[in-house]
Amino acid sequence: MTPDPVLIAKALASTARLDILSALSERGTCVCGEVVEVVGLAQSTVSQHLKVLKEAGLVSGQVEGTRTCYCVDREGMAAAHDTLGGLLNGLACRCC
C-alpha cells in the first residue's frame, strides 16, 4: 500500500513531531514515557503528535502492560522517502 503523501507531509510539518522522530531515531529502540521528558511537552500533546506520526506510518507502537512503547517504523520511513521523492521529482520544473 502506497503511503498517503498528504499524511506524511502533515506529520513532518511540525517541529514537535520532527523532535519526536529525532528522539526515537537517536534511541534506536522503542521508548515509552521518555518521549515526554526528551521533547519537553505535556503527555497529552505528545500523544496527539504520536497519533499523527502513526497515521502517517512513520512510527509504530507496541502496548506493554499499561504503557505503549514507540519506535521509528523503518519500513514506513523508507516508504515515505520513496513517496515524497517520487512526488517531488514529478513536480520538478520542466520549463527551464
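For the single chain, residues carry numbers from 1 onward in sequence order.
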When clusters are formed by joining ILVMFWY residues with side-chain heavy atoms under 4.5 Å apart, either directly or through shared neighbours, do Val72 and Leu7 land in the same one? no
Show every donor-acceptor pair shorter than 3.5 Å between a side-chain atom in residues 44-70 and any protein atom, with sequence neighbours excluded, or say none if there are none.
| unit_1 | atom_1 | unit_2 | atom_2 | d |
| --- | --- | --- | --- | --- |
| Ser47 | OG | Gln43 | O | 3.0 |
| Ser47 | OG | Gln43 | NE2 | 3.1 |
| His49 | ND1 | Arg17 | NH1 | 3.0 |

Using a 3.5 Å distance criterion without hydrogens, assess whether the side chain of Ser25 forms a donor-acceptor pair with backbone atoms of Leu21. no
Could you pull out all residues at least two apart from Ser14 that satisfy side chain to side chain donor-acceptor pair (under 3.5 Å)? none
Any pair with a residue in residues 24-50 that passes salt bridge (Lys or Arg N to Asp or Glu O under 4.0 Å), sequence neighbours left out, goes on the list, sorted by first then second residue, please. Arg27-Glu34
